[in-house]
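Let me begin by presenting the structure, written as structure tokens, before commenting on it.
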Amino acid sequence: MKELEKSKPVILTGDLNCAHQEIDIHDPAGNSRSAGFTKEERKSFETNFLSKGFVDTFRKQHPDVVGYSYWGYRHNCRKTNRGWRLDYFLVSESIAERVHDSYILPDVSASDHSPLGLILKL
């Protein structure tokens, strides 16, 4: 991504399989050893993306909002909102200020993940 960024700003989106912060997961204490929320994975997310100048657009726009993008099918997790935020829009720092909004559409339930949206100011 850093190589691509040499020629143009980068927008990375998708299921990155990591709930980066405690606010990004239901029951962080109970999930501390769960795949997708281990200390190692969270540190790797920080090291490989955020500390390299990529910005988590949802968290920048909504620093205190609990918003999930994934709910496991077992135990009716979506119905009880026991979710994880595993899906992201990460952008190059050079265009982070052009992000007007970054959001999750939790009511769209075509799969165990919800779609995300990103609005940029041109």
Side-chain angles (χ1 to χ4, degrees):
M1 288 186 357
K2 290 307 280 183
E3 191 62 33
L4 180 60
E5 194 177 44
K6 290 177 183 176
S7 62
K8 57 187 167 186
V10 173
I11 299 173
L12 169 69
T13 188
D15 176 1
L16 300 183
N17 274 328
C18 180
H20 178 241
Q21 298 176 2
E22 288 191 355
I23 193 173
D24 297 324
I25 189 170
H26 169 79
D27 188 18
N31 282 299
S32 64
R33 294 179 152 213
S34 297
F37 194 64
T38 65
K39 288 179 193 173
E40 295 83 5
E41 289 165 309
R42 295 167 65 204
K43 181 159 178 51
S44 176
F45 187 92
E46 181 76 35
T47 301
N48 291 307
F49 296 119
L50 305 182
S51 69
K52 294 210 165 138
F54 294 96
V55 176
D56 174 355
T57 60
F58 180 83
R59 192 53 60 217
K60 182 174 190 229
Q61 292 288 314
H62 312 283
D64 301 317
V65 170
V66 173
Y68 303 134
S69 63
Y70 165 81
W71 300 263
Y73 284 127
R74 295 187 320 189
H75 312 296
N76 238 354
C77 289
R78 186 183 285 263
K79 188 174 184 179
T80 56
N81 201 31
R82 292 177 296 172
W84 303 49
R85 188 171 73 94
L86 300 178
D87 305 275
Y88 295 84
F89 272 107
L90 302 181
V91 300
S92 297
E93 214 166 37
S94 64
I95 62 169
E97 293 306 315
R98 295 173 70 185
V99 173
H100 176 72
D101 197 8
S102 182
Y103 54 90
I104 301 167
L105 298 169
D107 295 330
V108 178
S109 58
S111 81
D112 52 352
H113 291 261
S114 284
L116 308 178
L118 181 69
I119 300 172
L120 296 174
K121 297 178 262 184
L122 300 176

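With no hydrogens or angles considered, no side-chain donor-acceptor pair links N76 and W71 at under 3.5 Å. Judged by distance alone, the side chains of E41 and T38 do bring a donor and an acceptor atom under 3.5 Å apart.
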Trace of the salt bridge (charged side-chain N to carboxylate O under 4.0 Å, His left out) decision for E93 with K60
CA-CA 11 Å; E93 214 166 37; K60 182 174 190 229; over 6 Å; no
Could you walk me through whether H26 and Y68 pass the side chain to side chain contact (heavy atoms under 4.5 Å, CB included) check?
CA-CA 9 Å; H26 169 79; Y68 303 134; 3.8 Å; yes
Working note: D101 + L118, criterion side chain to side chain contact (heavy atoms under 4.5 Å, CB included); need CA distance, chi angles, decisive distance, verdict.
CA-CA 6 Å; D101 197 8; L118 181 69; over 6 Å; no
Given D24 and L86, is the side chain to side chain contact (heavy atoms under 4.5 Å, CB included) satisfied, shown in steps?
CA-CA 8 Å; D24 297 324; L86 300 178; over 6 Å; no
Take L122 and R98, measure what side chain to side chain contact (heavy atoms under 4.5 Å, CB included) needs, and give me the verdict at the end.
CA-CA 7 Å; L122 300 176; R98 295 173 70 185; 4.0 Å; yes
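Between the CD1 atom of I104 and the NE2 atom of H62 there is a distance of 8.5 Å, given to the nearest 0.5 Å. Rounded to the nearest 0.5 Å, atoms CZ (R82) and CD1 (I25) are 12.5 Å apart. Within the model, atoms CD of E22 and CZ of F37 stand 5.0 Å from one another, a figure rounded to the nearest 0.5 Å.
For the side-chain contact (heavy atoms from CB on, under 4.5 Å) test, residues two or more places apart in sequence or in another chain that qualify with S7 are L4.
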Only pairs under 3.5 Å count here: list side-chain donor-acceptor contacts from residues 12-19, not counting sequence neighbours, and write none if there are none.
| residue | atom | partner | partner atom | Å |
| --- | --- | --- | --- | --- |
| T13 | OG1 | Y88 | O | 3.0 |
| D15 | OD1 | N17 | N | 2.9 |
| D15 | OD2 | H113 | NE2 | 3.4 |

Name each donor-acceptor pair under 3.5 Å that joins a side chain in residues 50-57 to protein atoms two or more places apart or in another chain, with its distance.
| residue | atom | partner | partner atom | Å |
| --- | --- | --- | --- | --- |
| S51 | OG | E46 | O | 3.2 |
| S51 | OG | T47 | O | 2.8 |
| D56 | OD1 | F58 | N | 3.4 |
| D56 | OD1 | R59 | N | 3.3 |
| D56 | OD1 | R85 | NH1 | 3.2 |
| D56 | OD2 | R85 | NH2 | 2.6 |
| T57 | OG1 | F89 | O | 2.9 |
| T57 | OG1 | S102 | OG | 2.7 |

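Across every non-hydrogen atom of H100 and K121, the tightest pair is CB-CG, 3.8 Å. Between C77 and G72 the shortest heavy-atom distance is CB-O, 3.3 Å.
Panel note: side chain R78, backbone P106; a donor-acceptor pair is recorded below 3.5 Å.
Using a 4.5 Å heavy-atom threshold, the side chains of D87 and S114 count as separate. Between M1 and F49 there is a side-chain heavy-atom pair separated by less than 4.5 Å. Using a 4.5 Å heavy-atom cutoff, the side chains of V65 and Y103 are not in contact. Side-chain contact between V99 and V91: present, with at least one pair of heavy atoms (C-beta onward) separated by less than 4.5 Å.
Ion pairing between a basic and an acidic side chain is recognised when a charged N comes within 4.0 Å of a carboxylate O; K2 and E5 show such pairing.
Hydrophobic clustering (side-chain heavy atoms under 4.5 Å, transitive across Ile, Leu, Val, Met, Phe, Trp, Tyr) groups F45 together with V10. By the rule that hydrophobic residues join a cluster once side-chain heavy atoms approach within less than 4.5 Å of another member, V108 and Y73 end up as members of separate clusters.
Other residues, nucleotides and ligands contribute only 12 or fewer heavy atoms inside 6.0 Å of the NZ atom of K39.
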